[in-house]
Amino acid sequence: MSYAKEREQNIARNKALLDGLGIAPLKPKIEPKENLRKKVAAKKRKSPSPESDELEEPPKKASRLADDSNEPGRARRSSRLAGKTVDYKQEQDRGVPELITIKRVQKVKVGQLKSKRTYDPHRYGHIPDVEVGTWWATREDCSTASVHAPWVSGIAPGPNGAYSIALSGGYDDDVDDGYAFTFTGSGGRDLKGTKTAPKNLRTAPQSSDQTFEDRNNAALQKSVDTQKPVRVIRGFKGKARSKYAPSEGYRYDGLYLVKKAWIAKGLNKGGFLVCKFAFVRMPGQEAIPVNDGGDDE
DNA sequence: GGGCCCGCAGGG
DNA sequence: CCCTGCGGGCCC
């Protein structure tokens, strides 16, 4: 069977599965448009003048937090912050309506210590002060904001389920309906290359089956049992991006539950098995912005 | 566009 | 120390 045909079938199957989860009530009647100020260049991030950094700061809800330069996700990009000491105590006292005790990282100097985090990412649920809709340019920034710690990996595993995942459009047959989506697990890639030709890669094509033995996949499987909330960030990548994908960078789209876990034949050369998961968004969260849909709509 | 090489988080 | 991992910058 052709790749296109197989993809079509997989997508149809995944779509049907999502429809069976009854997400219709979650979708708002009016879906807000992505608030792009300009088509500013995520590509030209390496701008010569440090001053212009602020201007390139993209739009979205991040701006709501931007009145305070202590906003964790922006720390790295703010030239004003360079070398300044950030008072995270004050940050905390600013009033987060949470009854949960959060492990807090110590006072740090921005740009000087490894950990620039305010909060420990190893917790379930929202990260205080990070609103749904917050936007970052890179995965590194998501990590600094504690929303999704790994720089590369799409899954952040924890003992009672995954803490967070990144939707990065890496698998062509996954379906993203915004308020529900299918997601593919990790593993089954050869990152090292051969002995004579070591590659030391961070990602690579599928070359073996994925299993639930894999720590990341096991965590997501556990999420089905525990029903712990999983933080989700959506990325801009992917050949056939859904309308819910941000045009650039990565956006925090709030908390989801993992409703199903199963094994399927993957859409890859060789037909290696992959672990699949179905996510459903928790109710009562801000609507997800939709892009202008240049690609597929 | 592709190839290469690298830092980092997290865990064993 | 070792390993993995839906990044990302740079060079061609």
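Computed from heavy atoms alone, side chains included, the values below leave out hydrogens, waters and symmetry copies. Computed from a prediction, not measured in an experiment: that's the story for all the values here. All chains are named by letter (A, B, ...) in the order of the sequence lines, taking the proteins before the strands, and each is independently numbered beginning at 1.
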Rounded to whole Å, CD of E140(A) lies from P of dG10(B) at a distance of 13 Å
Q) Is the backbone of P150(A) close enough, under 3.5 Å, to the side chain of S153(A) for a donor and an acceptor to pair up by distance? A) no
L191(A) CG to dC6(C) C1', in whole Å, measures 11 Å
Quiz prompt | Non-hydrogen side-chain atoms of L18(A) and T182(A) separated by less than 4.5 Å | solution = yes
Under 3.5 Å, which protein N or O atoms sit close to an N or O of nucleotides 1-4 of chain B? Give each pair with its distance.
none

Among dG10(B), dG5(C), dC6(C), the one nearest any side-chain atom of W151(A) is dG5(C)
To the nearest angstrom, the CG-C1' distance between L167(A) and dG7(C) comes to 16 Å
The nucleotide from dG5(C), dC6(C), dG7(C) with an atom nearest the side chain of K237(A) is dG7(C)
Distance test, side-chain N/O of Y250(A) to OP1/OP2 of dC6(C), below 4.0 Å
no
inquiry  = Does dG9(C) have OP1 or OP2 under 4.0 Å away from a side-chain N or O of R139(A)?
reply    = no
### Query
Is G169(A) touching bases, backbone alone, or none of the nucleic acid, heavy atoms closer than 4.0 Å?
base
To the nearest angstrom, the CG-C1' distance between N200(A) and dT4(C) comes to 11 Å
Ignoring backbone atoms, establish whether S168(A) has a side-chain N or O less than 4.0 Å from OP1 or OP2 of dG7(C). yes
Regarding the side chain of V152(A), the nearest nucleotide among dG5(C), dG10(B), dG8(C) is dG5(C)
Rounded to whole Å, CG of D214(A) lies from P of dG5(C) at a distance of 6 Å
Separation of dC3(C) atom P from D190(A) atom CG, nearest Å, is 12 Å
Would a distance-only check, ignoring hydrogens and angles, find a side-chain to backbone donor-acceptor pair under 3.5 Å from S164(A) to R231(A)?
-> no
Crowded around K27(A) NZ? As in, over 12 foreign heavy atoms under 6.0 Å?
yes
In whole angstroms, the gap separating C1' of dC6(C) from CZ of F272(A) amounts to 17 Å
Looking only at heavy atoms, the pair that brings V147(A) and I233(A) closest together is CG1-CG2, 3.6 Å
Here the pair of heavy atoms bringing F272(A) nearest to K269(A) is CE1-O, 3.4 Å
Worksheet item: What nucleic acid atoms does F183(A) come within less than 4.0 Å of, heavy atoms only: base, sugar-phosphate, or nothing?
Response: base
Indicate, with a heavy-atom threshold strictly under 4.0 Å, whether H148(A) touches base, sugar-phosphate, or nothing. nothing
_C1' spacing across the pair dC6(C) / dG12(B), given as an integer number of angstrom_ = 23 Å
In whole angstroms, the gap separating C1' of dG7(C) from CD of E248(A) amounts to 16 Å
Under 4.0 Å between a side-chain N/O of R215(A) and OP1 or OP2 of dG11(B), yes or no? yes
Applying the 3.5 Å cut-off to both distances, the Watson-Crick or G-U partner of dC6(C) turns out to be none
- Query: Do Y179(A) and Y256(A) have ring centroids that are under 6.0 Å from one another?
  - Reply: no
With a 3.5 Å distance limit and no angle check, can you tell me whether E34(A) reaches the backbone of V290(A) through a side-chain donor-acceptor pair?
no
